[in-house]
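Accompanying notes for the structure given below.
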There are 2 protein chains.
Amino acid sequence: MKFRVQVAVLLKKSVLDPQGAAVERALKSHGYEGIKAVRVGKLIELEVEDESRCEVKTKVTAWADQLLANPVLETFDVIVEPQL
Amino acid sequence: MKFRVQVAVLLKKSVLDPQGAAVERALKSHGYEGIKAVRVGKLIELEVEDESRCEVKTKVTAWADQLLANPVLETFDVIVEPQL
């Protein structure tokens, strides 16, 4: 079965995010009010073929931990959906 | 009311994504099989204070179109959730 997987990688809340701060300043300088806590991260989307959703989640979480995210500075979320 | 908003920006399917191809090669060289169509994009997370979810969605979609994504090369999705 095919699954569509998204891995969202963001800097930890305790780590300074200069890119997020720059985006926040840019939005505010365009007159967009009422925003705060802007963080910029990476989104990795992939197609995985495997037996079950659970299996895919376990595998991709291991890959993310080893290769896609830096666990010292970043946190990640893995979202698995069946491919339509 | 406070909302937590995620803007996911990915290159259009028709645009070559060398970063995605590099991640795919890296995963495969580590022995991870059964993956394809890896794409790497940006994830922008922000907190917005406004009256309704619908209002926030409209505003952030406009910001994304003007500032956060390049509509020539990229597509984006806006996800709005109430802040707990």
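Remember, predicted model here, so these are calculated numbers, not experimental data.
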Practice task
With a 4.5 Å cut-off on heavy-atom pairs, point out which of B:V56, B:V23, B:L10, B:V9 contacts chain A the most.
Solution key: B:L10
Exercise for the section: Treating Ile, Leu, Val, Met, Phe, Trp and Tyr as nodes and any side-chain heavy-atom pair under 4.5 angstrom as an edge, say whether B:F76 and A:I44 lie in one connected cluster. Expected result: no
Exercise for the section: Could you grab the distance from atom CD of B:E45 to atom CG of A:L11, nearest 0.5 Å is fine? Expected result: 11.0 Å
Problem - Winner by heavy-atom pair count (cut-off under 4.5 Å) against chain B, out of A:V60, A:D50, A:L68, A:V38 - result: A:V38
Practice task
Measure B:L67 against the heavy atoms of chain A and call it side chain, backbone, both or neither at under 4.5 Å.
Solution key: side chain
Exercise for the section: Output the option from A:E33, A:E49, A:R39, A:K42 having the highest count of non-hydrogen pairs under 4.5 Å with chain B. Expected result: A:R39
Fill in the blank from the handout: Okay, A:K59 and chain B: the region with an atom under 4.5 Å from a heavy atom over there is neither
Fill in the blank from the handout: Okay, A:E24 and chain B: the region with an atom under 4.5 Å from a heavy atom over there is neither
Exercise for the section: Might you confirm whether atom NZ of B:K2 has over 12 heavy atoms from other residues, nucleotides or ligands at distances under 6.0 Å? Expected result: no
Exercise for the section: May I ask whether B:V5 and B:M1 are part of the same hydrophobic cluster, defined by side-chain heavy atoms of I, L, V, M, F, W, Y residues being less than 4.5 angstrom apart, directly or through others? Expected result: yes
Practice task
Give a yes or no on this: more than 12 heavy atoms of other residues, nucleotides or ligands lie within 6.0 Å of atom CG of B:D77.
Solution key: no
Problem - Choice from A:L43, A:L46, A:V48 maximising heavy atom contacts with chain B below 4.5 Å - result: A:L43
Exercise for the section: Using a cut-off of 6.0 Å, state whether more than 12 heavy atoms not belonging to A:K12 lie near its atom NZ. Expected result: yes
Fill in the blank from the handout: Interface check, chain B: of A:A26, A:A62, A:A37, most non-hydrogen pairs under 4.5 Å belong to A:A37
Practice task
Taking atom NZ of B:K28 as the centre, report whether more than 12 heavy atoms of other residues, nucleotides or ligands fall under 6.0 Å from it.
Solution key: yes
